[in-house]
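Whatever order the structure lists them in is the order used to number ligands and atoms, beginning at 1.
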Amino acid sequence: MGYQEVYDSWKADPEGFWMEATKAIDWVDAPTQALYDRGDNMYEWFADAKVNTCWNAVDRHVEAGRGEQTAIIYDSPITHTKREISYVELRNRVANLAGALRAKGVEKGDRVIIYMPMIPEALEAMLACARLGAVHSVVFGGFAANELAVRIDDAKPKAIIAASCGLEPNRVVHYKPLLDGAIELSEHKPDFCVIFQREQEVAELIEGRDYNWHGFQYGVEPAECVPVEGNHPAYILYTSGTTGQPKGVIRPTAGHLVALNWTMKNLYNVDPGDVFWAASDVGWVVGHSYITYGPLVHGNTTIVFEGKPVGTPDAGTFWRVISEHKVKTFFTAPTAFRAVKREDPKGEFVTKYDLSCLQQVYLAGERADPDTIVWAQEQLNVPVIDHWWQTETGFAIAGNLLGIEELPTKLGSPAKPLPGYDVQILDEGGNPVAAGELGAIAIKLPLPPGTLPTLWNAEARFKKSYLTTFPGYYETGDAGMIDEDGYVYIMARTDDVINVAGHRLSTGAMEEVLASHPDVAECAVIGVSDTLKGQMPMGFLCLNAGTEKAHDDVIKECVKLVREKIGPVAAFKLCTVVDRLPKTRSGKILRGTMVSIADGKDYKMPATIDDPAILDEIKEALQTMGYAQ
Ligand code: COA
Ligand code: AMP
């Protein structure tokens with residue numbers, strides 16, 4: 001069957017399509033019904049099933065006689081370490097860790113926060129939670145203590161599993177002090193913490209609260225897999241929304257297993273035993289779906305890469321890892337390729353390695369610019385596939401399903417919707433627009449299995465954020481179009497979310513931090529185009545009348561404040577002081593117009609603007625920073 005036939009077969013019988021896909025999963029009780037309509041546009045999949053994620057990701061491969069196959073390859077150019085873990089070793093390690101967690105009181109439904117860098121123990125911690133039916137929430141290491149505290153207060157974890165440190169090329173990230181600081185800031189306190197001591201930095205443990213990863217597993221009874229209901233939350237992953245309060249995306253257990261497993265062959269074109277590498281971080285959705293769960297559930301070998309595309313040690317690292325570990329499918333972010341291309345435009349490093357194992361490359365996380373795709377195709381001589389997805393969906397909404405049929409590439413488009421997604425472009429009134437016209441991208445409900453059923457502790461916010469604007473649809477927050485051949489194009493966000501080096505960030509959250517500076521009266525943060533990172537945040541500050549501090553000092557303090565409150569990952573470095581912000585007569589800041597000016601694009605003078613002269617002042621400020629050229 002080709003793409004169209006598969007898509008049509010889903011459309012003709014969505015429930016039958018996904019029920020067929022459930023056959024690839026090991027069930028304790030197989031689902032008897034696919035979709036549950038809970039009313040008010042809320043849906044769930046496979047709710048009456050009983051299943052365990054860890055069993056499917058680990059134990060079943062051992063039972064099937066593949067225990068000696070490598071499950072995880074750890075390759076860390078930062079620490080000069082390489083290690084392989086087989087499925088049977090992984091099963092034993094995860095069962096012991098789960099046993100130790102259970103001995104300390106962690107049970108099905110309890111939340112566990114995981115704050116770890118790219119080491120195999122991060123995956124083991126996730127799987128140990130899954131084994132017990134505990135709900136993990138992984139927090140990215142580039143976030144500051146305050147962001148961790150916000151997540152602790154929302155998820156209310158019984159335990160936190162952390163590493164002593166992370167390693168960035170230029171510095172050690174001191175996880176333990178960040179963790180201690182977060183627990184001090186948060187109202188909720190975990191019962192206990194488990195600390196994985198890395199040799200690069202041994203952290204001080206707090207007696208009675210902190211346990212050593214190895215010590216606390218000593219002599220415990222290994223835990224068996226605990227069956228959970230199909231709609232039990234597998235995990236919570238916080239992602240940026242419009243405000244400083246992140247959204248806790250819930251991943252439902254059964255749908256997650258079914259959908260991810262389906263994508264491994266049909267989208268990523270790998271068979272069990274093949275090596276699949278997603279060069280992301282477990283703190284992001286890509287890491288959850290395609291470093292940990294997807295490849296392991298499907299019986300692949302996954303790679304945990306602790307390094308950067310460039311500088312660890314050079315722009316040939318990706319190719320070295322692919323060649324050395326025989327990677328068949330590689331997944332990264334466009335920004336990573338831009339970084340490599342900048343250092344090695346002619347691909348001199350590429351020619352140093354035998355890349356005959358590599359069959360296809362996937363890009364996601366931000367818009368893939370045609371230059372980068374063409375460069376990668378020319379260097380690697382394999383299909384380079386852009387695909388579009390979100391933390392909320394957990395797997396691709398649109399892509400080129402290479403395991404089914406390779407569609408012709410159209411540069412600038414992540415190809416066509418995957419089965420499960422009825423993607424439509426709507427105008428402001430919620431009416432579908434003609435092919436080739438721009439509008440809001442929405443998905444007709446219900447969403448497929450594995451996508452978010454709601455937000456953690458925030459059902460009203462879920463409905464308001466996703467279901468209210470276009471009744472009967474899920475609002476993606478992206479704008480774009482579908483052409484006459486059915487190819488989807490993603491052009492921009494319709495909200496305050498920006499994408500910096502493939503990291504999703506909220507300008508609203510940065511504004512909240514800037515506004516807390518005592519000298520700042522008003523502020524705006526926008527995302528300006530950046531040739532490496534796609535976008536960079538830029539702050540505009542209006543200071544209180546009578547502020548005596550030098551502008552440069554306030555700017556420096558504000559840059560520091562965002563780093564302290566949100567984290568280095570915000571990459572907040574561009575900031576300026578202006579007298580006034582451009583606004584509509586009703587007081588809404590014209591951020592979109594500011595972005596157009598910064599990027600040197602044509603823009604229409606907004607009819608509702610209060611005082612057009614302010615735009616000239618903004619342009620001048622931008623020009624002094626090297627923008628608006
Ligand atoms: N822990 C702690 N700090 C982190 C971190 C982590 N896991 N990840 C990034 N940071 C820090 C960086 O050290 C940097 O700090 P600095 O301001 O002190 O230099 C800051 O956060 C910004 O990081 P980043 O935006 O990633 O910039 P960079 O200059 O370090 O690297 C790239 C640029 C393009 C090489 C890098 O962004 C990259 O590899 N991006 C790919 C992202 C990706 O794969 N995303 C997954 C989505 S699919
Ligand atoms: P995240 O939740 O971090 O995966 O970010 C999701 C957002 O990143 C989407 O809503 C898009 O705005 C953007 N995005 C992800 N993949 C793509 C892509 N292939 N093309 C364009 N934008 C993308």
Hey, do the aromatic rings of [X] and [Y] have their centres closer than 6.0 Å?
X    : Y    : value
W389 : Y290 : yes
Y268 : H387 : yes
W277 : F305 : yes
W319 : Y353 : no
F276 : H298 : no
H256 : H288 : no

Measure [X] to ligand 1 on non-hydrogen atoms and call it side chain, backbone, both or neither using the 4.0 Å cut-off.
X    : value
H174 : neither
M118 : neither
P568 : both

Can you tell me which portion of [X] lies within the under-4.0 Å heavy-atom range of ligand 2? Options are side chain, backbone, both, or neither.
X    : result
H503 : neither
W284 : neither
D386 : side chain
N499 : side chain

With a 4.0 Å cut-off on N to O distance, would you call [X] and [Y] a salt bridge?
X    : Y    : result
E121 : R83  : yes
E147 : R151 : yes
D75  : R320 : yes
E324 : K82  : yes

Protein heavy atoms: any of them under 4.0 Å from [atom]?
atom                    : value
atom 4 (C) of ligand 1  : yes
atom 36 (C) of ligand 1 : no
atom 31 (O) of ligand 1 : no

Taking the non-hydrogen atoms of [X], is any one of them nearer than 4.0 angstrom to ligand 1?
X    : result
H503 : yes
T332 : no
P309 : yes
V569 : yes
R338 : no
T335 : yes

So which heavy atom in the protein is nearest [atom], and how far is it from that ligand atom?
atom                    : value
atom 48 (S) of ligand 1 : V286 CG2, 3.4 Å
atom 47 (C) of ligand 1 : G502 O, 3.5 Å
atom 43 (C) of ligand 1 : A333 CB, 3.9 Å
atom 25 (O) of ligand 1 : K533 NZ, 3.0 Å
atom 9 (C) of ligand 2  : D478 OD2, 3.3 Å
atom 17 (C) of ligand 2 : E366 O, 3.5 Å
atom 46 (C) of ligand 1 : S280 OG, 3.2 Å
atom 19 (O) of ligand 1 : N170 ND2, 4.0 Å
atom 5 (O) of ligand 2  : R504 CD, 3.5 Å
atom 8 (N) of ligand 1  : F140 CZ, 3.4 Å

Practice item. Can you sort out the partners of R591 under side chain to side chain donor-acceptor pair (under 3.5 Å), two or more places apart, ordered by chain and number? Key: E511

Point to revise | Cation-pi geometry met for R198 and Y175 (6.0 Å, 45°) | key: no

Atoms of ligand 1 close to [X] [distance to a heavy atom under 4.0 angstrom, numbered from 1]:
X    : result
K308 : 8 (N), 9 (C)
V173 : 2 (C)
A501 : 25 (O), 37 (O), 40 (N), 41 (C), 42 (C)
R171 : 3 (N), 11 (C), 12 (C), 13 (O), 14 (C), 15 (O), 16 (P), 18 (O)

Do [X] and [Y] touch side chain to side chain, with heavy atoms closer than 4.5 Å?
X    : Y    : result
V150 : L185 : no
M118 : V282 : yes
D478 : R493 : yes

Check your understanding: Taking the six-membered ring for Trp, are F395 and Y421 parallel (under 30°), tilted (30 to 60°) or perpendicular (over 60°)?
Key -> tilted

Considering [options], which one's heavy-atom position lies nearest to [atom]?
atom                    : options                : answer
atom 4 (O) of ligand 2  : T391, L237, I490, I385 : T391
atom 18 (O) of ligand 1 : E306, E168, K573, R563 : R563
atom 44 (O) of ligand 1 : A336, G567, A279       : A279

Exercise for review: State the atoms of ligand 2, each with its element, that fall below the 4.0 Å cut-off from a heavy-atom position in W389.
Suggested key: 4 (O), 6 (C), 9 (C), 15 (C), 16 (N)

Exercise for review: Could you say whether the N/O atoms of T476 and ligand 2 ever approach to under 3.5 Å?
Suggested key: no

Check your understanding: Would you say ligand 2 has an N or O under 3.5 Å from any N or O of H387?
Key -> yes

Check your understanding: Ignoring hydrogens and geometry, is there a side-chain-to-backbone donor-acceptor pair from N400 to L402 under 3.5 Å?
Key -> no

Review point. Has the side chain of D344 got a donor or acceptor atom that lies under 3.5 Å from a matching backbone atom of F349?
Key: yes

Check your understanding: So, for I114 and M126, which heavy atoms are closest and what is the spacing to 0.1 Å?
Key -> CD1-N, 3.6 Å

Check your understanding: For the residue pair Q390 and I397, what are the closest heavy atoms and their distance?
Key -> CG-CD1, 4.1 Å

Check your understanding: Is ligand 2 less than 4.0 angstrom away from at least one heavy atom of G365?
Key -> yes

